[in-house]
2 protein chains.
Amino acid sequence: MTNIILSKSEENYLKSIYNLSDSGNKIVTTNSISKILNIEPASVTDMIKKLSKKKLIYHEKYKGTKISKNGIIVALQIIRRHRLWEVFLYEKLNFNWDEIHEVAEELEHVSSDQLIDNLDKYLKYPKIDPHGDPIPNKLGEVDFVDKISISDLKIKEKGIVSRIVNEDEGFFNLLNKLKIEIGTEVTILDKIDYDGSLDVLINNKSVIISKEIAENIKITKI
Amino acid sequence: MTNIILSKSEENYLKSIYNLSDSGNKIVTTNSISKILNIEPASVTDMIKKLSKKKLIYHEKYKGTKISKNGIIVALQIIRRHRLWEVFLYEKLNFNWDEIHEVAEELEHVSSDQLIDNLDKYLKYPKIDPHGDPIPNKLGEVDFVDKISISDLKIKEKGIVSRIVNEDEGFFNLLNKLKIEIGTEVTILDKIDYDGSLDVLINNKSVIISKEIAENIKITKI
DNA sequence: AATTATTTTTAGATAAACCTAAATTAAGGC
DNA sequence: GCCTTAATTTAGGTTTATCTAAAAATAATT
Ligand SMILES: [Mn+2]
Ligand SMILES: [Mn+2]
Ligand SMILES: [Mn+2]
Ligand SMILES: [Mn+2]
């Protein structure tokens, strides 16, 4: 396992490619990477060539990019670092839910194995980060993740909020307002045909949430 | 207080210039910066121009570099971050004395005020780092620091080790072997005229240490 | 004071990571 | 299947941070 050293940019690209790939299964387009990283497609093409040369991804001109076996391993370590730092910021430094991502985005690039292993131990080997995302272990093993959203539930079905997919500010504010967090119980009261909105019982109160929001909140069915 | 954003490189240069300047008093040479950062003098000259334009240092061609008032403030914040991370690594993550510097050298560049303020609070506002170096507060205020070395003591005089100046590996190994740490009591038994070596009582044992080593261990006279 | 040595700066190059504009390829609509 | 549109790549350029080689300034030595 020759420890490849990547630049901060390379790491950000590889992580994004992994995140867009649905655990390495889907082919990722140049434009999707461009949008997520806010970098022009031409620059993305340059980096794709670079990561291809390092065998972290496969690329066929004009067709798309697939992350390699090795690329997945490397990406999972970056994600591991990111999520462990999120736990640290949230639990030890009392950051809010919506403040941790940005700082973790920087901390994840400090690549010392000793640092991450000791941090992991110090945090008592957490399995999920504050958004409910699973933390890969040292070997890159990741727990199964709920893929059912609130929007997948039928009327009268119940679930426990297990994961928040969307990470932007407005979304977090809404969740705070609705007092939705990991572990909150939700029950579908009604579905509104017109626009797909849902009437949901949260903390004993009926609230209407849009379909889009419901799709971004993953749950465990109960 | 317009919050200037500096690159990692600029931060490393500015910190080195401050460290070489004896708290901002001495003029710093291009070559000394070059040596400490392991970067060619020609490159140092380039960066000096850049930092001058930002008014963080003053520079007179061929004469030398002086850090500005503002430069000192900025440098102290970088040093604050570095030392707080060292405390964290040492106290919370169980790093050894000699392992913290390198990692802190990276962590110090993650510049989030909230991160550092909360870390400071979490660590209970430490006054010194694990090497005995004072941690500047948020306003850039620094405690007085011992400037007397073991080598400055006369025969029969005693001191408490308060600060370790040298940060390289071999030196740390020696200190570990001699069981010298912050707080260790030392008594001068004899001075050897020939090469300036010292016979010192440490942990109830007489040991001979070279003049160079003695100069790198600062103490509080008792 | 002249000469030599050292330090510092300038000049010119390179690699990384971005950009814009233009060219190329693939996809979608009819 | 052709044509327009969208996606992607290529070409050429910029900025940052580095380098080497050579020139210029200062310091040290005789
Ligand atoms: Mn990042
Ligand atoms: Mn997260
Ligand atoms: Mn540093
Ligand atoms: Mn230190």
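In what follows, every chain begins at residue 1, and chains take the letters A, B, ... in the order their sequences are listed.
Residue B:Y62 contributes atom OH, which lies 19 Å from atom P of C:dA5 at whole-angstrom precision. Following rounding to the nearest Å, B:M47 (CE) and C:dT10 (P) show an atom-to-atom distance of 16 Å. Protein atom CD1 of B:I27 is 17 Å distant from nucleotide atom P of C:dT7, rounded to whole Å. Atom P of nucleotide C:dA27 and atom NZ of A:K61 are separated by 16 Å, given to the nearest angstrom. The distance from atom CG of B:D46 to atom C1' of C:dT10 is 9 Å, rounded to the nearest whole Å. In this structure, NZ of A:K63 is placed 12 Å from P of C:dT25, rounded to the nearest angstrom. Computed from coordinates, the A:K8 NZ to C:dC18 C1' distance equals 14 Å when rounded to whole Å. Here D:dT8 presents its P atom at 8 Å from CD1 of A:I48, a figure rounded to the nearest Å.
Between A:H131 and A:F172, the ring planes lie tilted relative to each other; the angle falls in the 30° to 60° range. In this structure, A:H82 and A:H101 have tilted ring planes: the angle between them lies in the 30° to 60° band.
B:K49 comes within 4.0 angstrom of sugar-phosphate atoms only, judged by non-hydrogen atoms across all strands, and of no base.
For the OP1/OP2 pair of D:dT8 and a distance below 4.0 Å, the side-chain nitrogens and oxygens of A:N31 include at least one atom meeting the criterion. Close to C:dT9, at under 4.0 Å from its OP1 or OP2, lies a side-chain N or O of B:H59. Look at B:S9 and you'll find a side-chain N or O under 4.0 angstrom from OP1 or OP2 of D:dT18.
Heavy-atom distances under 4.0 Å link DNA chain D to A:P41, A:A42, A:T45 of residues 32-45 of chain A, given in residue order.
A side-chain N or O of A:N12 and one of A:H109 form a donor-acceptor pair less than 3.5 Å apart. No side-chain donor-acceptor contact under 3.5 Å links B:N25 and B:S23.
Within 6.0 Å of the CG atom in A:D193, the count of heavy atoms belonging to other residues, nucleotides or ligands does not exceed 12. For CD1 of B:I5, the number of neighbouring non-hydrogen atoms (other residues, nucleotides, ligands) closer than 6.0 Å is 12 at most.
Under the 3.5 Å distance criterion, the side-chain polar atoms of B:D22 are left unmatched by any main-chain donor or acceptor of B:K26.
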